[in-house]
Amino acid sequence: MSVRCARPIFRAQLSSRPANGLGAFIPQVRKLVFEFCNHWPSSANTRTFLSKHLEDLARENPHVEIVVRQRNNKEPIVRGFYLNDRDKVIPLNGFEVNGIQQKVQLLLDSSGAKIKPLKRRTIESTTESARGIWSGLHVEQPFKI
Amino acid sequence: MSHATKRLALTAKRLPTIPVSQLKAFPPKEAVAPKPSSSKTAPTPTFFDTEAWAALQSPNPAALNAFAHRIGLGKAFSSPVESVQQAVTHPSFLPLHAKHRPEEPVPATNGNLAALGNSLLGLFATEHVNATFPHLPTRVLKAAVSAYVGPTTCASIAQEMGVSPLLRWNRTPNTPTHPAVLHSDVLSSVPRALTALVYQHSSLHAARRFAQKFFLSRDVDLRSMIKFRDPKLALKITVEKFGRERPVSRLLKETGRLSISPVFVVGIYSGADQLGEGFGSSLRMAEYRAAEDALLRLYLTRQPPHLVQLPTSTFPDALGSVFDAHGPIPEYTPVEMTDTEVKFGSADRSGVHRAREIQEEED
């Protein structure tokens, strides 16, 4: 390698690519906000969930900031905020308490990414193929016309 | 989206999120204009800087605690909220705080922590890269260290951890005494400060594990950092250094020589050993690639991760100064010091001659 480089390396370009989960896993959900009405019957199950199950949920998920807000004369919702600056909203009217638990768990497990329809086989990878791209010149019997 | 809307969205994303439940009164007293008095004197003009007010608010303790747990440091500190609060407060915040809240105690900032953390990260990254790639050229080693723990990476890591809404800082322009303080500078100070906090509260080994988990497990493309001016000559000199036969390139396979898209596969050999292989649409291109491949196979020789021996392992895993601590020290075999890098690639060996001339002048 020559002292006078072929092309200089610019310091601002020097960075690494993330690999969430390889070393440490950073959970993507940062905050859950529950909004409920104090007197409407559609919020009854939500109020039960908040008074009975929310504390255990908060203890099991210390990485999530949980906020409870009273919003009268509206249907109950739960809103999840994620590290990619997106949020997901799920209305909780019509669910039983275990249904609310399932919806909250859905928000806790999500990454916040937009749901993309998988209509075609897609490959998402940061690494090259493991075995390399096939080469007709590197087989035992190369094809002869 | 137009440029103006995009900039507005970016700025809004960077503003701290202040939960209204945490404030004593909203809107704050200073924001409300006083009622005009009945006397006929002119009303005093009021000015309320909304951005300065927003920047002065401290983040929610629940948010800080959640952040500490998110990065796996929930149990590492005795008071996670205070430690994280210090790690996310940049020294540029102090003048703003002093101007608007002079009666409150001065908040702890991450200036010293960031400096200590920067040194620690440099140490861990350098020993990791040197132990993993013993034959890497020096400039590439330095570039790799910058890629692993440099300012761009630190800012990305802070962004991925979700530090943006928790930051306390003040944007300052370029002055004759101080460089400008930008969002990326403030972001990059946070992971460094966190590394220093782990070192102070646990041990050097704990700080090294933190660095390995967040910084050294990331993917850095070393191949793109190794650039050649004349790989054939560099390979010739390198092979001479190792005391082997001079490299000879041989055509291994070819197809379509007289067509529009020929493919030649050339191997470069030292005696009977193949050093490298390259393909190309011309013989010269294939030979160039073969020489490049041979040098890359040498420079990127990698020690398997389970066999990597790091110099900091010789320090015992205990709290406090590494030189005073006592504890078991595992066996350590150092990395071989190698001189495989060829520092000049031109035929006149100008580097060597210049050094001799300078010495003669000094004499």
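Quick caveat: nothing in here was measured; it's all calculated off a predicted structure.
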Visitor: Tell me every residue that passes side chain to side chain donor-acceptor pair (under 3.5 Å) with A:Arg69, counting only those two or more places apart in sequence or in another chain.
Guide: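 Partners of A:Arg69 by the side chain to side chain donor-acceptor pair (under 3.5 Å) criterion come out as none, since no residue qualifies.
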Visitor: Measuring heavy-atom distances to chain B, does A:Tyr82 have an atom under 4.5 Å in its side chain, in its backbone, in both, or in neither?
Guide: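 Neither; nothing under 4.5 Å.
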Visitor: Taking all non-hydrogen atoms of both residues into account, name the closest pair between B:Leu166 and B:Ala63 and its distance.
Guide: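 Heavy-atom minimum between the residues: CD2-CB, 3.7 Å.
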Visitor: To check you understand the geometry: which heavy-atom pair defines the closest contact between B:Gln85 and B:Ser58, and what is its length?
Guide: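 Scanning both residues completely, I find the closest heavy atoms to be NE2-CB, 4.0 Å.
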Visitor: Quick test of your reading: applying salt bridge (Lys or Arg N to Asp or Glu O under 4.0 Å), list the pairs with at least one residue in residues 35-58 of chain A, sequence neighbours left out, ordered by first then second residue.
Guide: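 Only A:Glu35-A:Arg71, A:Glu55-A:Arg59 qualify under salt bridge (Lys or Arg N to Asp or Glu O under 4.0 Å).
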Visitor: Tell me, out of A:Ser135, A:Gly136, A:Ser15, who's got the most heavy-atom pairs with chain B below 4.5 Å.
Guide: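 The option with the most such pairs is A:Ser15.
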Visitor: I need the minimum non-hydrogen distance between B:Glu160 and A:Ile26, along with the two atoms involved.
Guide: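 Between these two residues, the closest heavy atoms are O-CG2, 4.1 Å.
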Visitor: Relative to chain A, which of B:Glu254, B:Gln212, B:Met161 shows the most heavy atom pairs under 4.5 Å?
Guide: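 When all of B:Glu254, B:Gln212, B:Met161 are compared, B:Met161 has the most.
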Visitor: Mind listing the closest non-hydrogen atom pair of B:Ala147 and B:Met225 along with its distance?
Guide: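 Distance-wise, the nearest heavy atoms are CB-CE, 3.7 Å.
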Visitor: Among A:Pro27, A:Ala19, A:Pro18, which has the most heavy-atom pairs under 4.5 Å with chain B?
Guide: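 Ranked by contacts with chain B, first place is A:Pro18.
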Visitor: Could you list which of residues 99-122 of chain A have a heavy atom closer than 4.5 Å to any heavy atom of chain B, in residue-number order?
Guide: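 Counting heavy atoms that sit under 4.5 Å from chain B, no residue of residues 99-122 of chain A is involved.
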Visitor: Taking all non-hydrogen atoms of both residues, which atom of B:Cys154 and which atom of B:Pro191 are closest, and how far apart?
Guide: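 Minimum heavy-atom contact is O-CG, 3.3 Å.
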Visitor: With a 4.5 angstrom heavy-atom cut-off, is it the side chain or the backbone of B:Ser156 that approaches chain A, or both, or neither?
Guide: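 No part of it gets close to chain A.
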Visitor: Check the angle between the aromatic planes of B:His128 and B:Tyr148 and answer parallel, tilted or perpendicular using the 30° and 60° thresholds.
Guide: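 Ring orientation, 0 to 90° scale: perpendicular.
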Visitor: side-chain contact (heavy atoms from CB on, under 4.5 Å) with B:Asp293: which residues, sequence neighbours excluded?
Guide: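 Checked B:Asp293 against side-chain contact (heavy atoms from CB on, under 4.5 Å); matches are B:Glu277, B:Arg297.
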Visitor: Between B:Ala62, B:Pro231, B:Ala68, which has the largest tally of heavy atom pairs under 4.5 Å with chain A?
Guide: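 Max contact count across the listed options: B:Ala62.
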